[in-house]
K.L.:
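First the structure, then my questions, so here it is.
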Amino acid sequence: MSSAAKSIPATTSAETRVHAEIPWLSVLWFLALLVLCYAPVLNRLVMVWNSDEDMGHGFFVPPLAAYIAWQSRHELFAEPFRTNWWGLALVVYAALQLGIATLGAEVFLARTAFVLSIAGCILFAGGTRALRILAFPIVLLFFMVPIPSIIYNRITLPLQFFASSVAETILNLLGTPVLRQGNVLELPSQTLSVVEACSGIRSLLSLSFLSLVYGWFFERRTWVRWALFLATVPIAIIANSGRVTITGVMSEINPELAQGFFHTASGWVIFMIALVILVVFHQVLHLMIRIGGHRHAG
């Protein structure tokens, strides 16, 4: 009986021990303070997610980042925390950035200050080791913040021109006469304008975020994760150029297919195709690694 009683602590799972060591009170206290201090910023950020189709993925960023951080809990609590006062300095800096951004109506700096505050709290409470372990979910949080307008405009305009240029070339090869003026395509039946929403930036932002999450869950090699992330740029641009081309072809069949529900649905279909291409690219990399490994072994 006594031996059985003594064996109970020994059979306690690692997960139970980790849960017992988590300072929930401190975590909830810091979280409540952050939400309270940044409530107006977070409220407007959620409104942007709901109204801007480019940022629809923003709703998925915090829960996925939290889940990835939770997966790292065993490594995080494997050693005692060491307070690092530079974390407090980072929190103070983020507060100053928020104040300056609020006075200057600079929403990007105000929103990124929230992410910096989270990083500062982690550094202060857990030290550099904790910050290193949670670095990836913290980086993911930046994807919930829209790109500054000045950068957004510089990116979208070249993408619009590129998509319309590719569409012009393919439509001419298919026998559909088209005249391009900048980002405007003059077709026999109507005029198509490749606007910002059709530039590819929407699928690029969402696809980049998904590539990081996909690489985290399904790939352990760091260089392959980087390859997947960088591959999203050409995949998103080419896929969106294909969308513009298909829209031009369908509009010649029926002009209604180039607008409304059909136009929106085509965007989702093209995005799913781009996601499939990313997965296929990953499998091709795996195949090349296997072939290279067999040759090296031989």
Side-chain angles (χ1 to χ4, degrees), residues 22-73 76 81 84-126 130-153 155-156 196-197 201-214 216:
I22 298 178
W24 287 112
L25 185 60
S26 299
V27 171
L28 294 176
W29 173 248
F30 275 115
L31 182 61
L33 285 178
L34 281 178
V35 172
L36 180 63
C37 294
Y38 288 88
V41 175
L42 296 176
N43 180 58
R44 287 192 292 269
L45 184 58
V46 172
M47 292 174 62
V48 171
W49 297 345
N50 189 51
S51 59
D52 189 352
E53 294 183 357
D54 291 352
M55 291 303 302
H57 65 275
F59 286 104
F60 302 98
V61 176
L64 278 172
Y67 177 71
I68 292 174
W70 177 254
Q71 282 192 321
S72 304
R73 65 190 184 279
L76 184 64
F81 286 165
N84 190 319
W85 289 95
W86 284 108
L88 183 59
L90 182 58
V91 172
V92 172
Y93 167 80
L96 292 174
Q97 179 175 306
L98 173 64
I100 295 173
T102 302
L103 293 175
E106 210 336 289
V107 292
F108 178 77
L109 290 178
R111 292 161 179 169
T112 54
F114 175 70
V115 182
L116 292 178
S117 293
I118 293 177
C121 289
I122 294 173
L123 178 60
F124 174 72
L131 185 62
R132 175 182 56 79
I133 294 173
L134 298 177
F136 181 71
I138 292 174
V139 170
L140 280 184
L141 291 177
F142 284 102
F143 280 85
M144 69 181 182
V145 179
I147 299 175
S149 298
I150 186 172
I151 298 178
Y152 183 89
N153 294 331
I155 295 175
T156 54
E196 291 181 353
I201 188 65
R202 178 178 305 167
S203 55
L204 178 58
L205 292 174
S206 301
L207 196 64
S208 298
F209 168 69
L210 288 178
S211 72
L212 289 175
V213 176
Y214 173 82
W216 175 265

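For the single chain, residues carry numbers from 1 onward in sequence order. This one's a predicted model, so the numbers in the text were calculated from it and none came from an experiment.
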K.L.:
What is the distance from atom CG of L131 to atom CZ of F124, rounded to the nearest 0.5 Å?
P.N.:
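The CG atom of L131 sits 14.0 Å away from the CZ atom of F124.
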
K.L.:
How about F59: does its CZ atom have over 12 heavy atoms from other parts shown lying under 6.0 Å from it?
P.N.:
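Enclosed.
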
K.L.:
Work out which heavy atom in L116 is nearest to a heavy atom in A94; give both atom names and the distance.
P.N.:
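So the two residues come closest at CB-CB, 4.0 Å.
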
K.L.:
Side-chain donor-acceptor contacts of residues 103-111 below 3.5 Å, not counting sequence neighbours, with atom names and distances?
P.N.:
unit_1, atom_1, unit_2, atom_2, d
E106, OE1, F108, N, 2.9
E106, OE1, L109, N, 3.1

K.L.:
Report the residues that fulfil side-chain contact (heavy atoms from CB on, under 4.5 Å) with L64, sequence neighbours left out, ordered by chain and then residue number.
P.N.:
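Only F60, F209, V213 meet the side-chain contact (heavy atoms from CB on, under 4.5 Å) criterion with L64.
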
K.L.:
Can you name the residues that form a side-chain contact (heavy atoms from CB on, under 4.5 Å) with I118, not counting sequence neighbours?
P.N.:
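Listed in chain order: L34, F114, I122, L141.
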
K.L.:
What pair of heavy atoms forms the shortest contact from S208 to F143, and how long is it?
P.N.:
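In terms of heavy atoms, the two residues are closest at CB-CE2, 4.0 Å.
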
K.L.:
Once rounded to the nearest 0.5 Å, what's the spacing between atom CE of M144 and atom OG1 of T112?
P.N.:
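Output value for this atom pair is 9.5 Å.
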
K.L.:
Partners of F136 by ring pair (Phe, Tyr, Trp, His ring centres under 6.0 Å), sequence neighbours excluded?
P.N.:
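Residues passing ring pair (Phe, Tyr, Trp, His ring centres under 6.0 Å) with F136: W216.
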
K.L.:
Using 0.5 Å steps for rounding, measure from the OG atom of S72 to the OH atom of Y67.
P.N.:
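If I round to the nearest 0.5 Å, the distance is 10.5 Å.
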
K.L.:
I'd like to check the ring pair (Phe, Tyr, Trp, His ring centres under 6.0 Å) partners of W86; sequence neighbours left out, ordered by chain and number.
P.N.:
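None.
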
K.L.:
Looking at V115 and I138, what are the two nearest heavy atoms and their distance?
P.N.:
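It is CG1-O, 3.7 Å.
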
K.L.:
Just wondering, do L98 and Y38 contact through their side chains at under 4.5 Å, heavy atoms?
P.N.:
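Yes, side chains in contact.
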
K.L.:
Report the residues that fulfil side-chain contact (heavy atoms from CB on, under 4.5 Å) with A69, sequence neighbours left out, ordered by chain and then residue number.
P.N.:
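A69: side-chain contact (heavy atoms from CB on, under 4.5 Å) contacts with L134, P137.
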
